[in-house]
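Letters go in sequence order (proteins before strands), and every chain restarts at 1.
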Amino acid sequence: MNVLILGGAGMLGPYVARELAPNHNLRITDVNPPQEDLPGEFLLLDAADLDGVVAAAADMDAIVNLSVLRRHRQTAWDVSTRGCYNMMQAAVTHGIRRVINTGPHYTVAGRHITEVHDFDIVPDIPPQPGTNLYALTKAMGLEICRVFTQHHDISVQHYLFYNFKDPAAIQPGERYAPYVISWENAAEAFTLGLDIDLDALPSRNEVFYVFADMPHGKFSNEKTKRILGFKPRKDVEILWK
Amino acid sequence: MRILITSASHDRSAALADHLSQNHEVRLTERTHVETEHEFALSGLGHDSSTNLLTRGIDAIIHAVEPLPGEDVSSQLDAATRCTYNLLMAAAEEGVQKVILLSTLDLMAGYPPGYRVAETWRPLPGTQPPTLTKHMAEQVSREFAREGSLGVTVLRLGEASYETIAVAVDEALAEPASLAAKHRSREEGAAEAWSITHIGERA
């Protein structure tokens, strides 16, 4: 499969690229040059550049969007919200039916449903991001994707993350979020998302929480395991054992 | 009441300014310069302090979310999302009591003719402006209301005369501030921080 990765030179991008490279042809883009050699073709591209994103998606079978800018009140909207519009417009232009988008866990849960009070927090809830810039800009990107899926035969899988860890670097007693995954395990979800029969997805717009099995029951990754066949590794358990 | 109206270059904003200035102090704003008899402030609705200054001392904002002439889709989306966020963030910080968002009843055009479509029904935007941009502005403003930092009244305008729209705006302005910012009463009967009213007929 020919796969366009937007924002592929960031923190998660290299892990995803290495995971997908053996079985897919990659075109990786980022606003910054990569800090390490990445497999496939690389293009310097701002996800906020509509024409550039549409051009980069030519001849692709799938788009994976890893682009993110969290804190700046111009670029966060440019990338996280308008970047999704650009990605979906590119998918429409080139007839690409498979899109994987990414964001933080509070894209849907906001800070109203919190790990402080609640348990079994699932991804299939009405989005309520609140006004936190990162959460809201990603939520508006998700909403744009949802609207496009209502009008076009495009399936979007939204993979939401919270806290990434390098298992080899975990220190005894280290603090951690109640929703953790190793970088390598996170990357494996993208193989599943590219392989899954799109008709096996419940709808054309599906949200997944991607994280390791954790004992406290705050968030639920049950849907991710059930639908994508995601297999959490046990490589971050040292955090709570 | 001191009222700020956005999208000053749009006919509806100008008409509302003329109407409201009979009983209120009106300030118009736009992202480019506009010739007007009313007080005017040029503002890109950025995240700098100028947007705070724009909203300082304002009691109510009528946010029209209209494009500039010839504006491309990217800029329209930017204005509807980022600029709305900046405007409402500044409004919340400056203690503005009320925001009236002028949206469109075209958001409900996807429902079959003859259906009695209510404000509680899900909007059905398309993938292009104006329905997508109006929808996104609604979504952004809803989160400010959800958090209790602003009271937002959405007027979804259908086929309606300026007079009808002016009456709807008057009524929305006359409603008591819905929340008193973060100290909103939870007692029964307290106005909702987020409300939607359909004005006129669906196309």
>> To the closest 0.5 Å, what do you measure between OG (Ser75(B)) and CG (Leu50(A))?
In response: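 So the gap between those two atoms works out to 10.5 Å.
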>> Working to the nearest 0.5 angstrom, can you tell me the gap between Asp49(A) CG and Ser74(B) OG?
In response: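 Going from the CG atom of Asp49(A) to the OG atom of Ser74(B) covers 8.5 Å.
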Report yes if the side chains of [X] and [Y] come closer than 4.5 Å at any heavy-atom pair, otherwise no.
X	Y	value
Asp78(A)	Asp78(B)	yes
Tyr85(A)	Met136(B)	no
Leu133(A)	Tyr85(B)	yes

For [X], does the [atom1] atom sit with more than 12 other heavy atoms under 6.0 Å from it, leaving out its own atoms?
X	atom1	answer
Met11(A)	CE	no
Arg175(A)	CZ	no
Gln35(A)	CD	no
Asp59(A)	CG	no
His216(A)	NE2	yes

> Which one, Gln74(A), Arg82(A), Arg73(A), leads in non-hydrogen pairs under 4.5 Å with chain B?
Replying inline: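 Maximum pair count with chain B is reached by Arg73(A).
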> Looking at Gln89(A), Arg146(A), Met88(A), which has the largest count of heavy-atom pairs under 4.5 Å with chain B?
Replying inline: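 Going by pairs under 4.5 Å, I would pick Arg146(A).
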> Heavy-atom distance under 4.5 Å to chain A: side chain of Val140(B), backbone, both or neither?
Replying inline: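 When you check distances to chain A, atoms from both the backbone and side chain of Val140(B) fall under 4.5 Å.
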>> For Glu143(A), is there any backbone N or O sitting under 3.5 Å from a side-chain donor or acceptor partner on His135(B)?
In response: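 No, because the side chain of His135(B) does not come within donor-acceptor range (under 3.5 Å) of the backbone of Glu143(A).
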> Does any heavy atom of chain B fall under 4.5 Å from the side chain of Gln150(A), the backbone, both, or neither of them?
Replying inline: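 Neither part, no heavy atoms under 4.5 Å.
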>> Heavy-atom cut-off 4.5 Å, strictly under: side chain, backbone, both or neither for Phe148(A) against chain B?
In response: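 Its backbone and side chain both get close to chain B.
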> Judged by modelled atom types alone, do Glu147(B) and Thr131(A) share a side-chain donor-acceptor pair under 3.5 Å?
Replying inline: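 There is such a pair between these side chains.
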> Taking Thr127(B) as the fixed residue, which of Ile144(A), Val92(A), Val147(A) is the one that meets the side-chain contact (heavy atoms from CB on, under 4.5 Å) rule?
Replying inline: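 Looking at Ile144(A), Val92(A), Val147(A), the match for Thr127(B) under the side-chain contact (heavy atoms from CB on, under 4.5 Å) is Val147(A).
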> So which of Asn86(B), Leu124(B), Leu88(B), Asp72(B) has the largest heavy-atom pair count under 4.5 angstrom toward chain A?
Replying inline: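 That would be Asn86(B).
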